[in-house]
Visitor: 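Handing you this structure, nothing more for now.
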Amino acid sequence: MRLEVKGNYLYKNKAPFFWLGDTAWLLFEKLSFEEAKLYLDNRKSLGFNVIQCVLLHTYKDGYTCAGKSPHLKEYWEEVQKIIEYAQNIGLIMGILPMWGAMVKNNIINEQNIDIYTDFLIRLFKPFDNIVWVLGGDIRGDEYFSLYNHFGKRLKEMDPIRLITFHPFGRTGSYQWFKDCDWIDFHMFQSGHRRYDQVNLNAWDDKLIQDDVFGEDNYKYVRKNKSLTPKPCLDGEPSYEGILQGLHDLSQPYWKDYDVRRYAYWSILEGACGFTYGNNAIMQFHRKEEIGSYGVREEWKEALHMPGGMQMQHLKNLMLSLDFTTGVPCPEMVLNPKPFYEYIPVFRGKDFILCYDYLGKEFSLDLKKFKKVKFRCFWINPESGKRKEIGIIEGKENLTVKPEERKFSNDWILMLVEEK
């Protein structure tokens with residue numbers, strides 16, 4: 001089940017692997033084994049193939065937030081049991097050894113990181129469904145020496161497992177580790193802010209000025225490609241059911257159609273996958289708890305929220321095509337517009353995909369394809385259903401406008417070459 005990198009994409013058993021992740025940061029800390037089974041079975045049924053979770057996230061006085069003690073072997077035995085169950089049902093576990101706060105608070109440091117690394121290698125040696133995800137909402141330049149050493153040691157001791165890095169909000173691991181051999185693919189965190197919330201002067205603002213792209217998460221993919229040939233993906237976009245900007249309870253919540261936009265924008269720019277997140281699930285919120293970021297649902301209820309149920313349509317679409325041949329072609333859009341009117345175009349060996357977030361009319365330059373016959377479809381990203389709209393051939397330009405839906409109006413235009 002182990003993954004490997006070829007070019008800009010991931011592969012499993014020599015076949016293209018489309019990373020469709022779910023965010024389950026507190027899975028090990030808060031769920032019993034039976035609860036974990038329920039969660040994993042649900043995500044498997046919805047097409048997710050990667051689960052991102054943390055071994056040590058919240059830690060105080062020797063205990064996690066749920067009262068479990070990592071000092072006891074029972075904690076690690078249950079972790080192993082959960083990973084084994086995930087392996088048996090075909091799920092990859094994107095394991096963060098420790099959240100960034102563990103490093104900031106000097107619980108994990110350069111004096112004990114080798115001990116922890118050796119422990120992890122021994123503990124998880126039986127499993128072939130693990131990808132190491134270093135970091136955890138932290139800048140790589142702040143603790144470069146520790147993470148560079150950690151990555152090198154993991155790769156030396158277990159060279160087959162892939163390694164990536166989950167960075168701080170609105171940054172990408174390519175900023176610090178692009179020249180490091182131990183990192184196999186990159187993650188960026190486009191984050192949870194609107195265009196007008198880039199600088200909120202909140203606790204999670206960056207003190208260092210980087211390239212900040214607001215909601216334009218496809219620009220992180222472009223930046224990655226300009227710096228390194230290694231694959232990349234959005235490891236933390238805006239979560240479904242989380243406050244826009246995180247902090248202000250008067251702000252609206254990100255919804256399913258927002259999540260879809262982040263997914264399609266980054267994938268059609270050439271990302272190797274996408275990680276979905278849900279506010280209630282990532283913290284496994286229960287009604288008796290005081291949750292974070294304005295959480296409203298319990299985690300079991302959130303398993304059935306629409307955004308999470310719709311992600312499988314993206315994966316199924318990409319796997320139905322030879323997506324590893326694809327390249328972004330934004331220049332094909334005539335009279336391109338910014339912000340929510342942006343139309344990404346992704347051209348493969350025998351297909352063209354476009355994503356129209358607002359469902360507005362747009363035009364494509366098809367001069368290079370005058371001799372190609374295309375069968376055209378509109379695809380509803382909520383349901384995955386396709387509607388054929390005809391065959392085109394010999395056109396220099398194509399102008400299209402989808403029909404309108406009631407609550408959201410994003411659409412995928414697919415052109416498939418007729419052989």
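Numbering of residues begins at 1 and proceeds along the displayed sequence.
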Visitor: Begin with the C-alpha distance, continue with both residues' side-chain angles, and end with the deciding distance and a verdict on side-chain contact (heavy atoms from CB on, under 4.5 Å) for Asn335 and Ser363.
Guide: CA-CA 8 Å; Asn335 302 313; Ser363 299; over 6 Å; no
Visitor: Please check if the distance between the ring centroids of Tyr264 and Phe346 is under 6.0 Å.
Guide: no
Visitor: Given the rule in the ring pair (Phe, Tyr, Trp, His ring centres under 6.0 Å) test, do Phe177 and Tyr147 qualify, once you have shown the distances and angles that lead to the verdict?
Guide: CA-CA 10 Å; Phe177 305 115; Tyr147 283 113; 7.1 Å; no
Visitor: Kindly write out the residues that satisfy salt bridge (Lys or Arg N to Asp or Glu O under 4.0 Å) with Lys370, not counting sequence neighbours, or none if the list is empty.
Guide: Glu396
Visitor: For His166, which residues count as a ring pair (Phe, Tyr, Trp, His ring centres under 6.0 Å) partner, sequence neighbours excluded?
Guide: Trp25, Trp99
Visitor: Taking all non-hydrogen atoms of both residues into account, name the closest pair between Val221 and Ala271 and its distance.
Guide: CG1-N, 3.9 Å
Visitor: Between Asp356 and Lys401, is there a salt bridge with N-O shorter than 4.0 Å?
Guide: no
Visitor: For the residue pair Gly273 and Ile267, what are the closest heavy atoms and their distance?
Guide: O-CD1, 3.2 Å
Visitor: Which residues pass the salt bridge (Lys or Arg N to Asp or Glu O under 4.0 Å) test with Arg347, not counting sequence neighbours?
Guide: none
Visitor: Output yes when a side-chain donor or acceptor of Lys230 lies under 3.5 Å from a complementary backbone atom of Ile183, and no otherwise.
Guide: yes
Visitor: Please say whether more than 12 non-hydrogen atoms of neighbouring residues, nucleotides or ligands are located less than 6.0 Å from NZ in Lys6.
Guide: yes
Visitor: Is atom CD of Glu404 surrounded by more than 12 heavy atoms (other residues, nucleotides or ligands) closer than 6.0 Å?
Guide: no
Visitor: Take Glu35 and Arg286 through the salt bridge (charged side-chain N to carboxylate O under 4.0 Å, His left out) test and state the conclusion after the steps.
Guide: CA-CA 12 Å; Glu35 289 174 323; Arg286 307 176 196 272; 2.9 Å; yes
Visitor: Tell me if the centroids of the rings in Tyr293 and Tyr239 come within less than 6.0 Å of each other.
Guide: no
Visitor: To check you understand the geometry: which heavy-atom pair defines the closest contact between Gly308 and Leu46, and what is its length?
Guide: O-CD1, 4.1 Å
Visitor: Would Asp234 and Phe188 count as a side-chain contact (heavy atoms from CB on, under 4.5 Å) here? Give the steps.
Guide: CA-CA 5 Å; Asp234 196 342; Phe188 56 91; 3.3 Å; yes
Visitor: Taking everything shown except Lys225 itself, do over 12 heavy atoms lie less than 6.0 Å from its NZ?
Guide: yes
Visitor: Can you establish whether the number of heavy atoms outside Lys68 located under 6.0 Å from its atom NZ is more than 12?
Guide: yes
Visitor: Does Lys30 come within less than 4.0 Å of Glu289, counting only side-chain N to carboxylate O?
Guide: yes
Visitor: Do you see a donor-acceptor pair shorter than 3.5 Å between the side chains of Gln189 and Asp137?
Guide: yes
Visitor: Do other residues, nucleotides or ligands put more than 12 heavy atoms under 6.0 Å from Lys406 NZ?
Guide: no
Visitor: Quick one, Asn129 and Glu84 - any side-chain contact, counting heavy atoms below 4.5 Å?
Guide: no
Visitor: Please determine whether side-chain contact (heavy atoms from CB on, under 4.5 Å) holds for the pair Phe369 and Leu364, giving the CA-CA distance in whole Å, both sets of side-chain angles, and the decisive distance to 0.1 Å.
Guide: CA-CA 11 Å; Phe369 305 96; Leu364 291 178; over 6 Å; no
Visitor: Got a list of side-chain donor-acceptor pairs under 3.5 Å for residues 310-319, not counting sequence neighbours?
Guide:
unit_1 : atom_1 : unit_2 : atom_2 : d
Gln310 : OE1    : Arg260 : NH1    : 2.6
Gln310 : NE2    : Asp256 : OD2    : 3.2
Gln312 : NE2    : Met309 : O      : 2.8
His313 : NE2    : Glu382 : O      : 3.3
His313 : NE2    : Ser383 : O      : 3.3
Lys315 : NZ     : Gly47  : O      : 2.7
Asn316 : ND2    : Gln312 : O      : 3.2

Visitor: How long is the span from the CG atom in Asn380 to the CZ atom in Arg405, to the nearest 0.5 Å?
Guide: 4.0 Å
Visitor: Return the set of residues passing side chain to side chain contact (heavy atoms under 4.5 Å, CB included) with Thr275 (not counting sequence neighbours), or none when no residue passes.
Guide: Trp19, Thr23, Gln52, Leu233
Visitor: Any pair with a residue in residues 296-305 that passes side chain to side chain donor-acceptor pair (under 3.5 Å), sequence neighbours left out, goes on the list, sorted by first then second residue, please.
Guide: none
Visitor: Between the main-chain N or O of Met187 and the side-chain N or O of Ser173, is there a donor-acceptor pair closer than 3.5 Å?
Guide: yes
Visitor: How long is the gap from CD1 on Ile51 to CG on Leu91, to the nearest 0.5 Å?
Guide: 5.5 Å
Visitor: Can you check whether Trp76 and Phe119 have ring centres sitting under 6.0 Å from each other?
Guide: yes
Visitor: I'd like to know if the side chain of Trp265 pairs up with that of Asp216 as donor and acceptor (distance under 3.5 Å, no hydrogens or angles considered).
Guide: no
Visitor: Would you call the rings of Tyr276 and Phe48 parallel, tilted or perpendicular, where under 30° means parallel and over 60° means perpendicular?
Guide: tilted
Visitor: Between Tyr340 and Asp410, do the side chains contain an N or O donor and an N or O acceptor separated by less than 3.5 Å?
Guide: no
Visitor: Taking NZ in Lys104 as the centre, count heavy atoms belonging to other residues, nucleotides or ligands within less than 6.0 Å. Is the count above 12?
Guide: yes
Visitor: With a 6.0 Å cut-off on the ring centroids, do Phe284 and Tyr39 count as close?
Guide: yes
Visitor: Which heavy atom in Gly294 sits nearest to a heavy atom in Leu249, and how many Å separate them?
Guide: CA-CD2, 3.8 Å
Visitor: Closer than 3.5 angstrom, by distance alone: can the side chain of Glu269 be matched with the main-chain N or O of Pro328 as a donor-acceptor pair?
Guide: no
Visitor: How about Asn279 and Gln283: does a side-chain donor come under 3.5 Å of a side-chain acceptor?
Guide: yes
Visitor: Does any N or O in the side chain of Trp411 come within less than 3.5 Å of the main-chain N or O of Glu403, such that one atom is a donor and the other an acceptor?
Guide: yes
Visitor: Looking at Lys371, I'd like to know if its NZ atom is crowded, meaning that more than 12 non-hydrogen atoms belonging to other residues, nucleotides or ligands lie closer than 6.0 Å.
Guide: no
Visitor: Sub-3.5 Å donor-acceptor pair from the side chain of Asp258 to the main-chain atoms of Lys255, do we have one?
Guide: yes
Visitor: First locate atom CG of Leu366, then atom CG of Asn397, and finally report the distance between them rounded to the nearest 0.5 Å.
Guide: 7.0 Å
Visitor: Using a strict threshold of under 4.0 Å (side-chain N to carboxylate O), is an ion pair present between Arg2 and Asp158?
Guide: yes
Visitor: Which heavy atom in Gly245 sits nearest to a heavy atom in Trp254, and how many Å separate them?
Guide: N-NE1, 4.3 Å
Visitor: Check whether any side-chain N or O of Asp248 sits under 3.5 Å from a backbone N or O of Ser250 as a donor-acceptor pair, and report yes or no.
Guide: yes
Visitor: Is a donor on one side and an acceptor on the other found under 3.5 Å between the side chain of Glu418 and the backbone of Arg375?
Guide: no
Visitor: Mind checking the CG-NZ spacing from Asp322 to Lys349? Nearest 0.5 Å is all I need.
Guide: 4.5 Å
Visitor: I'd like to know whether NZ of Lys155 has more than 12 heavy-atom contacts from other residues, nucleotides or ligands below 6.0 angstrom.
Guide: yes
Visitor: Assert yes or no for the condition that the ring centre distance of Phe407 to Tyr257 is strictly below 6.0 Å.
Guide: no
Visitor: Quick check, are the ring centers of Phe274 and Phe18 under 6.0 angstrom apart?
Guide: no
Visitor: Between Ser238 and Tyr262, is there a side-chain donor-acceptor contact under 3.5 Å, judged purely by atom types and distance?
Guide: yes
Visitor: Would you check, one step at a time, whether the test side-chain contact (heavy atoms from CB on, under 4.5 Å) holds for Tyr220 with Arg170?
Guide: CA-CA 9 Å; Tyr220 291 99; Arg170 299 165 300 286; 3.5 Å; yes
Visitor: Give the minimum heavy-atom separation between Lys14 and Tyr11, together with the two atoms involved.
Guide: O-CD2, 3.7 Å
